[in-house]
Every structure is written in structure tokens, then in C-alpha cells.
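Quantities reported herein were computed from a predicted structural model and do not represent experimental measurements.
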Amino acid sequence: TEAGNHEIMVTADTTTGESDAVRKSLLVQPGGEKIVETSSVLIRQKRDSSDKTSINVELPGNFIPGSHKLKAIAVGDILGEAVTGISSLIQLPSGCGEQNMHKVAVNVFSANYLRSLYDELPQNLDYNIKH
């Protein structure tokens with residue numbers, strides 16, 4: 001049986017000629033073990049290139065039909081997901097000297113990285129860096 005929603009119908013008949021039926025949707029979930037695999041691929045192309053890149057995905061031989069999912073994320077920066085939400089790292093100093101030095105270092109590294117990404121910083125990032 002394939003995983004997913006399946007419609008089932010059950011009927012009942014009596015010897016006196018009466019009958020009834022009900023139709024329901026049944027979610028069939030795959031048994032077995034959930035397997036998650038992750039891989040990263042660096043695609044380098046020239047700006048004026050019209051080349052295409054293909055990535056092959058192989059499913060295990062014993063997978064349950066309808067139970068597989070694929071999620072692909074393309075990021076245009078080599079640091080990718082590692083710097084998502086980096087502007088939230090910028091904080092006001094508070095606490096002892098060591099804590100403040102740590103926060104200041106993170107602020108400086110974060111601000112320098114953000115400035116390297118943009119010719120002109122978006123207003124919200126510029127505000128976070130200045131305040």
C-alpha cells in the first residue's frame with residue numbers, strides 16, 4: 001500500500017434488504033525508520049554562463065512509495081545558512097568586562113560581515129549597527 005490519504009468505503013447489508021454505507025479518508029503512514037540525509041554542493045558558474053547543473057538523488061531500494069520527501073535550498077552566499085539572522089547578534093554591552101569584550105567582538109565581526117555584503121546597508125541593518 002502506498003503512503004498518503006486513501007478513501008475507503010464500508011457497506012453493510014442485512015438479510016431483510018436494508019443497507020448502509022460510510023466513506024472515510026484514511027491516512028496511511030509509512031512504517032519503518034525515518035532516514036534524513038543532508039548534503040551540500042557548491043555550484044560555481046560564470047555570471048554570463050547559461051550552463052545548467054543537475055543533481056541526482058537516489059532513493060533506497062526498499063523505500064515505501066509515497067513516503068519520500070525532498071527539500072532543496074539554494075543560497076547565493078558561500079556562508080549560506082550559517083549567517084542567517086546575523087543582525088540579531090548585535091547587542092548593547094551589559095555585564096562584566098569579559099562579557100562586554102565578547103559582545104563587542106561579535107558586534108564588530110557581524111558589522112564588518114554585513115558591510116561586506118552590501119554597497120549600501122538596508123535601513124534596519126544600518127540602525128542595528130549604529131545603535
Reported CG-to-NZ distance for the pair Leu26 and Lys24, which is rounded to 0.5 angstrom: 11.0 Å
side-chain contact (heavy atoms from CB on, under 4.5 Å) between Val57 and Leu70, worked out: CA-CA 9 Å; Val57 178; Leu70 174 68; 4.2 Å; yes
Note: Glu7-Arg23 ion pair, threshold 4.0 Å (strictly below): yes
